[in-house]
Amino acid sequence: MESRPQHAAPPSTTPPVPEPPFAERVRTLLHVARTGTLATHSRKQPGFPFASIMPYGLEVGGQPTFLISSMAMHTQNLAADPRASLLVAQPGWNEDPLAGARATLIGEVRRSDAATSTAMRDEYLARHPNARYWVDFDDFAFYAMDVVDLYYVAGFGAMGWVAASEYGSATPDPLVDVEHTIVSHMNADHADALVVYCRHYAGIAAESATMTAVDRMGFRMRAQVAEGLKGIRVNFPVEVRSSEQARTVLVGMLRDARAAEPR
């Protein structure tokens with residue numbers, strides 16, 4: 001089961017707004033990202049981790065896959081000790097890096113057998129088309145991580161362990177492929193609406209606000225208030241599963257909020 005210690009932020013007496021479970025959010029993050037940092041056990045310096053930038057693919061159950069050369073130092077490290085971790089950070093996050101989502105997957109990485117390599121190859125090349133130029137080199141092969149545990153950080157004050165079984169049975173959020181479009185559109189064209197959402201649905205007198213994420217249950221914002229920046233979660237009145245549904249619900253929420261304002 002996931003845990004959510006709050007040691008990175010001051011304690012709050014306000015109950016948290018419900019969000020998708022951590023397992024689903026990790027699957028969503030791994031789906032939308034393409035590259036992580038793979039840490040292996042160094043052969044040259046025993047006991048020390050060796051970190052490498054690592055493009056990855058995903059099997060059906062969310063297990064990361066890698067196309068790596070036998071000449072690479074990380075591949076040689078894995079041959080001696082398959083234990084490794086993969087850190088994946090929220091792509092495109094340009095603000096405070098500690099406020100962005102990230103996940104660390106822990107597991108054993110081993111070369112894939114021929115029975116699974118065809119599907120693995122197709123999925124990997126769909127995510128990394130340039131890899132077709134070296135995928136058939138003799139020194140390259142596919143490897144897969146058997147995930148045994150995960151640690152997820154959603155941002156300040158929200159983090160915890162995720163069971164590998166829960167991660168494996170989760171699916172990415174239905175808005176994952178349109179999230180960037182929704183967030184960019186709201187920030188570029190509806191900044192005034194975000195302030196209204198803060199005021200009406202969160203009781204926050206924001207000077208300005210930026211949408212940072214959206215999922216099937218709601219959205220997150222960073223609001224500029226008198227004391228500084230404040231993270232805010234606002235949920236949709238109903239679950240949404242497409243960009244059109246999100247637009248309809250957001251318009252309705254804005255209409256209701258403005259109608260409730262004093263005249």
Side-chain angles (χ1 to χ4, degrees), residues 6 8-10 12-22 24-26 28-29 31-34 88-103 152-159 172-263:
Q6 301 293 315
S12 172
T13 58
T14 304
V17 178
E19 298 186 60
F22 278 0
E24 179 180 326
R25 292 157 74 179
V26 176
T28 300
L29 172 61
H31 173 88
V32 72
R34 294 291 184 271
V88 178
Q90 182 175 341
W93 183 260
N94 297 317
E95 299 185 47
D96 186 336
L98 296 180
R102 60 269 194 196
Y152 177 66
V153 181
F156 291 122
M159 60 203 67
D173 186 89
L175 296 182
V176 62
D177 293 324
V178 295
E179 178 186 19
H180 177 73
T181 300
I182 295 172
V183 170
S184 298
H185 172 67
M186 292 301 296
N187 289 332
D189 300 332
H190 301 289
D192 56 335
L194 299 178
V195 173
V196 175
Y197 295 144
C198 290
R199 183 170 59 245
H200 180 76
Y201 294 103
I204 302 296
E207 300 170 8
S208 62
T210 301
M211 183 180 286
T212 58
V214 62
D215 56 64
R216 62 184 174 85
M217 294 175 65
F219 55 96
R220 280 187 168 273
M221 296 180 288
R222 295 191 76 189
Q224 180 68 53
V225 298
E227 299 80 13
L229 289 174
K230 183 178 181 64
I232 297 172
R233 169 78 183 183
V234 174
N235 269 13
F236 297 131
V238 296
E239 182 176 310
V240 301
R241 304 189 68 83
S242 69
S243 57
E244 182 59 28
Q245 290 178 357
R247 186 195 71 80
T248 300
V249 171
L250 285 166
V251 169
M253 291 176 68
L254 180 62
R255 181 181 61 246
D256 293 345
R258 285 179 168 160
E261 292 180 340
R263 298 295 181 179

Got a second to check how far [X]'s [atom1] is from [Y]'s [atom2], nearest 0.5 Å?
{"X": "T210", "Y": "M186", "atom1": "OG1", "atom2": "CE", "answer": "11.5 Å"}
{"X": "L194", "Y": "I232", "atom1": "CG", "atom2": "CD1", "answer": "10.0 Å"}
{"X": "L250", "Y": "Q245", "atom1": "CG", "atom2": "CD", "answer": "11.5 Å"}
{"X": "H31", "Y": "E24", "atom1": "NE2", "atom2": "CD", "answer": "12.5 Å"}

Heavy-atom pair of closest approach, residues [X] and [Y]:
{"X": "M217", "Y": "P20", "result": "SD-N, 3.5 Å"}
{"X": "A33", "Y": "A89", "result": "CB-O, 4.3 Å"}
{"X": "P237", "Y": "V249", "result": "CD-CG1, 3.6 Å"}
{"X": "L29", "Y": "A103", "result": "CD2-N, 3.8 Å"}
{"X": "H200", "Y": "A260", "result": "CE1-CB, 3.5 Å"}

Sorted by chain and residue number, the side chain to side chain donor-acceptor pair (under 3.5 Å) partners of N187 (sequence neighbours excluded) come out as none
Flag, side chain of [X] to backbone of [Y], donor-acceptor distance under 3.5 Å:
{"X": "T212", "Y": "R222", "result": "no"}
{"X": "D215", "Y": "E19", "result": "no"}
{"X": "Y197", "Y": "A209", "result": "no"}

Residues pairing under salt bridge (Lys or Arg N to Asp or Glu O under 4.0 Å) where one sits in residues 237-251, two or more places apart or in two chains, turn out to be R216-E239, E239-R241, E244-R247
By ring-ring contact (aromatic ring centres under 6.0 Å, His included), F236 pairs with (sequence neighbours left out) F219
- Item | Within-4.5 Å side-chain heavy-atom neighbours: I204 and R199 | no
### Task
Using the side chain to side chain contact (heavy atoms under 4.5 Å, CB included) rule, take L229 and Q224 through it: C-alpha gap first, then chi angles, then the decisive distance, then the call.
CA-CA 5 Å; L229 289 174; Q224 180 68 53; 3.4 Å; yes
Tested for side chain to side chain contact (heavy atoms under 4.5 Å, CB included) against E179, the lone hit among D177, T181, V183, I182 is V183
